[in-house]
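Everything numeric in this text was worked out from a predicted model, so none of it was measured. In what follows, chains carry the letters A, B, and so on, assigned in the order in which the sequence lines appear, proteins first and then strands, with residues in each chain numbered from 1.
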Number of protein chains: 2
Amino acid sequence: MKRGVCMLKYQQIAVEIESYIQKHQMQHGEKLPVLESLIKEFETSKSTIVKALDLLEKKGIIFQVRGSGIFVRRKKRNNYINLLSNQGFQKDLDQFNITSEQLQLEVQKPTEMAAQNLHIDMDQDIYYVKRIRYIEGSTLCLEESFFNKAIVPYLNKEIVTSSIFQYIEDALSLKIGFSDMYMHIGKLTDQEASYLQLKSGEPKLTVESIFYLTNGTPFDYSKVTYNYNQAQFYILGTGI
Amino acid sequence: MKRGVCMLKYQQIAVEIESYIQKHQMQHGEKLPVLESLIKEFETSKSTIVKALDLLEKKGIIFQVRGSGIFVRRKKRNNYINLLSNQGFQKDLDQFNITSEQLQLEVQKPTEMAAQNLHIDMDQDIYYVKRIRYIEGSTLCLEESFFNKAIVPYLNKEIVTSSIFQYIEDALSLKIGFSDMYMHIGKLTDQEASYLQLKSGEPKLTVESIFYLTNGTPFDYSKVTYNYNQAQFYILGTGI
DNA sequence: TTGAAAAATTGTAACGGTACAATTATAATG
DNA sequence: CATTATAATTGTACCGTTACAATTTTTCAA
């Protein structure tokens, strides 16, 4: 495999190990070559391999057992949305047809909640985006996003339709760092129900997320209401 | 502070930095001393400090910005249950009075679902634990757990009432490694509703978890149904 | 005063090495 | 044959160093 341009060595090694696991369809608990072999195989230092393995462990691809070896970790169920992958649904639900309908896209003043979470004043501008996502034609979720306009100065329908996050990283060359997510369960309001083609009072899951740049600045506050029929999530638990 | 007995150096340093942040009530975005200072302060090598900082970053206590510094990360809201801390509610909801009522505790054969998730046959024994947890007197969740009896050979009311996980780590000296969690939203059945003192058909969040030892063996499959009025979760998003 | 260039600061990548602890395999013992 | 001790395997902790890339601060010209 050709070495990616901007890829760091340890990231590249992680990718190669991961695709090796995929290619050979390794099962949960199968053992990978020992550290020493990997060092020779990739012609690198121990610490670089260790870093690559730590990355894979964090992603839930492997687990390491001291004195024993490096083993493949495989989650059992598919078609679940990974709550920790910032990159939306595309990856987890790639076998399904995900579409989205834009309901609103405009510059306006933030709600109090949005201002608070974005650390801005009420008179600063934000981009408000409202859309519905569909999975195989059924409603998946209703999504409201507030982008700090000082950071994301321009959005249009095309950007919103594809991937806003991709645009922010590539075109604006900003780096997305981390996020906080808060979840609640509740009952659908009339309006939410009509958007999601469900009945008022039926269950809903609301996920509020605040996304930060690598330098710690919040740039996106969003609130997603899921259709309870479609929403299945998984979360990877690492150490304690 | 005295150095813990079994604590590794980098873990100990992480703890000390964390309590420094707590003690000085540092706010989100406040800068910590630069790497070089920390190295001198703790009289250790750069790699050990880096490892301590990585741990803190993973826990969401700090974030690091290359070329700039190390900054405090603070989540805004309290009273949310951290979905990633295996150690249950005690830590997140310590200001509240959490109690639990044991409904059932017996050795029996697993359900098909439990057998599958624990990687055991249907004729092997498991410990079945069913309990309700209360927060300030209100129902918080209904919890069914299946422990592989080959790994957890004995449980009694006392252990179940305090912390099963603590018992597994301390008394059985097993090490808990990682977990998989799956979430669904749905409507309460009659039985669930009666346990949770809610109405049938009202919203519920179900979290299925499989807990593994460090060596990758699943030992606990549990299914928790939350009272939608009480269930608030947060999740810490790290990198992409 | 503005803005661009240069310098200083500061965290990250990558190398390589020693010692050690947890696990597993093997040999010795009863 | 089961059990216990011993050895081999294998990942983790920790140290120390060089080079580098992202930020911030300072300098200096326009």
Under-3.5 Å N/O pairs linking protein and nucleotides 16-18 of chain C:
| unit_1 | atom_1 | unit_2 | atom_2 | d |
| --- | --- | --- | --- | --- |
| C:dG16 | N7 | A:Ser47 | OG | 3.4 |

All N/O pairs under 3.5 Å across the protein-nucleotides 3-7 of chain C interface:
none

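Residues forming a side-chain contact (heavy atoms from CB on, under 4.5 Å) with A:Ile13 (at least two apart in sequence, or on another chain): A:Lys9, A:Ile17, A:Phe42, A:Thr44, A:Thr48, A:Ile49, A:Ala52. Judged as a side chain to side chain donor-acceptor pair (under 3.5 Å), and not counting sequence neighbours, A:Lys40 has no contacts. Not counting sequence neighbours, the partners of A:Tyr20 by the ring pair (Phe, Tyr, Trp, His ring centres under 6.0 Å) test are A:His24. The salt bridge (Lys or Arg N to Asp or Glu O under 4.0 Å) search around A:Asp180 returns B:Arg73, not counting sequence neighbours. The side chain to side chain donor-acceptor pair (under 3.5 Å) search around B:Lys51 returns none, not counting sequence neighbours. Looking at residues two or more places apart in sequence or on another chain, you find no side chain to side chain donor-acceptor pair (under 3.5 Å) involving A:Tyr127. Every salt bridge (Lys or Arg N to Asp or Glu O under 4.0 Å) that A:Glu18 has, sequence neighbours left out, goes to A:Lys59. Taking A:Lys223 as the reference, nothing meets the side chain to side chain donor-acceptor pair (under 3.5 Å) condition, with sequence neighbours excluded.
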Could you pull out all donor-acceptor pairs under 3.5 Å where a side-chain atom in residues 105-112 of chain B meets a protein atom, sequence neighbours excluded?
| unit_1 | atom_1 | unit_2 | atom_2 | d |
| --- | --- | --- | --- | --- |
| B:Glu106 | OE2 | B:Gln104 | NE2 | 3.1 |
| B:Lys109 | NZ | B:Asp123 | O | 2.9 |
| B:Lys109 | NZ | B:Asp125 | OD1 | 2.7 |
| B:Thr111 | OG1 | B:Ala114 | N | 3.1 |

Note to self: For a quick check, with a 4.0 angstrom heavy-atom cut-off, what is the B/S/- contact string for nucleotides 20-26 of chain D, read 5' to 3'?
What the structure shows: -BBBS--
